[in-house]
Amino acid sequence: AYLEGADLFANTDTQKVIYIFNANISFAGLLHTLCNELDRVPPAGEAYEVVNFLQTVLIEEYRQGSTVVLVIDEVQNMPLDTLENLRMLSNLETSREKLIQIVLVGQPEFDVRLKHPQLRQLNQRIAIRARIRSLTRGESLEYLYHRLSRVTKAPHDAFTASALRLIARHGKGAPRVLNILSDNALIAGFGYQKKPVTPAIVRETVADYLGHGRLRRLRWALVPLALAILAALLLLTPSGKNLYTGLERQVRSLGFRMTTL
């Protein structure tokens, strides 16, 4: 979302971009961050006093031909009061244009937050709205090949074509998931000393990412415990001792060892 104002991409050489990566910040904290990023010491006092001071600073930047751009990432995590007070910053303007351009970047949950009655005025000030759709399967593959092309001239030395197609399918068009699956598959391939990464490694990586792999390992980890309990029960009965001896031979053939307390 882009709050109302002049063209954001005009005169990019004179822009001063301020990034806020941790959106869980109070409005007072946001004002102090803006002042610090503009190499100014904010005054001690109420928020409106800091806003007035910031307006003076922004006017100086404007006279020098600079456009200040505030980019807030993960804005869905910003406290409601801070969001509501953003409209105070959007009001900072000259007779012709805004003194600060504000770009709000977040997840779809932010659309839901904007429907809150307290954010009605902020919602009305948003001039441009854009939503990034999920990548298609083909676009996901292009994305993966592009990333690989930045580090190697032979992508298929790192992944087989079928392994990349599998990552593209399970990534479901989300670049973050594509990155995680690719990184984890490379780590798993290194662990297996397997190059290039195969579909089998990708399937195992996907299972681990979804939590299925951990459950599978947990079931195998419980096998020795279950067998130990069964052995203890067998030893409690005379007829079970012979059965225990046979069971012990079977367990040893599986690579486990039975012990009794």
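We use all heavy atoms of the structure for the numbers below, so side chains are in, but hydrogens, waters and symmetry mates are not. Just so we're clear, the structure is a prediction, and the values are computed from it rather than from any experiment.
The CG atom of L80 sits 5.0 Å away from the NE2 atom of H116 when rounded to the nearest 0.5 Å. Once rounded to the nearest 0.5 Å, the distance linking CG of L83 with CG of L104 reads 7.5 Å. Taking CG of L31 as the reference point, atom CE of M88 lies at 7.5 Å (rounded to 0.5 Å). Atom CD of residue Q124 and atom CZ of residue R120 lie 5.0 Å apart, to the nearest 0.5 angstrom. The CG atom of N184 sits 6.0 Å away from the OG1 atom of T205 when rounded to the nearest 0.5 Å. Within the model, atoms CG of L38 and CD1 of I100 stand 7.5 Å from one another, a figure rounded to the nearest 0.5 Å.
Within the 4.5 Å cutoff, the side chain of L114 has heavy atoms near those of the I126 side chain. Taking the side chain as every heavy atom from C-beta outward, L164 and L141 approach each other to under 4.5 Å. At a threshold of 4.5 Å between non-hydrogen side-chain atoms, the residues L186 and V197 count as touching. Contact of the N179 side chain with the R147 side chain is registered, since non-hydrogen atoms from C-beta on lie closer than 4.5 Å. When side chains are defined from C-beta on, Q101 counts as touching T67, because their heavy atoms get closer than 4.5 Å. Within the 4.5 Å cutoff, the side chain of V57 has no heavy atoms near those of the C35 side chain. The side-chain heavy atoms of S162 and T198, taken from C-beta on, include no pair separated by under 4.5 Å. V105 places none of its side-chain heavy atoms less than 4.5 Å from the side chain of F110.
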Subject >> Worked check of side-chain contact (heavy atoms from CB on, under 4.5 Å) between N91 and R125 >> reply: CA-CA 10 Å; N91 287 335; R125 284 170 165 78; 3.3 Å; yes
Original post:
When you look at L86 and L30, which way does the side-chain contact (heavy atoms from CB on, under 4.5 Å) test go after all the steps?
Top reply: CA-CA 10 Å; L86 278 180; L30 178 63; 3.7 Å; yes
Subject >> side-chain contact (heavy atoms from CB on, under 4.5 Å) between L181 and V206, intermediate numbers included >> reply: CA-CA 7 Å; L181 293 180; V206 171; 4.2 Å; yes
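Hydrophobic clustering, with ILVMFWY side chains joined whenever heavy atoms are under 4.5 angstrom apart, groups I167 together with L210. Under the 4.5 Å side-chain heavy-atom criterion for grouping Ile, Leu, Val, Met, Phe, Trp and Tyr, Y209 is not connected to F190 through any hydrophobic cluster. Both F21 and V17 belong to a common hydrophobic cluster when Ile, Leu, Val, Met, Phe, Trp and Tyr are linked at side-chain heavy-atom distances under 4.5 angstrom. Tracing side-chain contacts under 4.5 Å through hydrophobic residues (I, L, V, M, F, W, Y), one never reaches I187 starting from I180; they form parts of separate clusters. I59 and L34 fall within a single hydrophobic cluster, where Ile, Leu, Val, Met, Phe, Trp and Tyr side chains are chained together by heavy-atom contacts under 4.5 Å.
In plain terms, the two heavy atoms of A185 and I201 that are nearest each other are O-CG2, 3.7 Å. Closest approach of V75 and A23 over heavy atoms only: CA-CB, 4.1 Å. Shown here for L148 and P155, the closest heavy-atom pair between the two residues is CD1-CB, 3.9 Å. Considering all non-hydrogen atoms of both residues, F53 and P42 come closest at CE2-CA, 4.1 Å. Across S134 and E139, no two heavy atoms sit closer than the pair O-OE1, 4.3 Å.
At least one donor-acceptor pair under 3.5 Å links the side chain of S182 to the backbone N or O of L178. A side-chain donor-acceptor contact under 3.5 Å links T82 to the backbone of I25. R113 contributes a side-chain N or O that, together with a main-chain N or O of M78, makes up a donor-acceptor pair within less than 3.5 Å. The main-chain N or O of S90 is found under 3.5 Å from a side-chain atom of K98 such that the two form a donor-acceptor pair. A distance-only check finds no donor-acceptor pair linking the side chain of S66 to the backbone of Y62 [under 3.5 Å]. A donor-acceptor pair under 3.5 Å links the side-chain atoms of H32 to the main chain of A28, judged by distance alone.
Counted by atom type alone, N77 and Q107 present zero donor-acceptor pairs between their side chains at under 3.5 Å.
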Could you pull out all donor-acceptor pairs under 3.5 Å where a side-chain atom in residues 45-52 meets a protein atom, sequence neighbours excluded?
| from | atom 1 | to | atom 2 | distance (Å) |
| --- | --- | --- | --- | --- |
| E49 | OE1 | E46 | N | 2.7 |
| N52 | ND2 | Y48 | O | 3.3 |

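Contacts classified as salt bridge (Lys or Arg N to Asp or Glu O under 4.0 Å) and involving residues 56-74 (residues at least two apart or in different chains) are given here: K16-E61, R40-E60, E74-R176.
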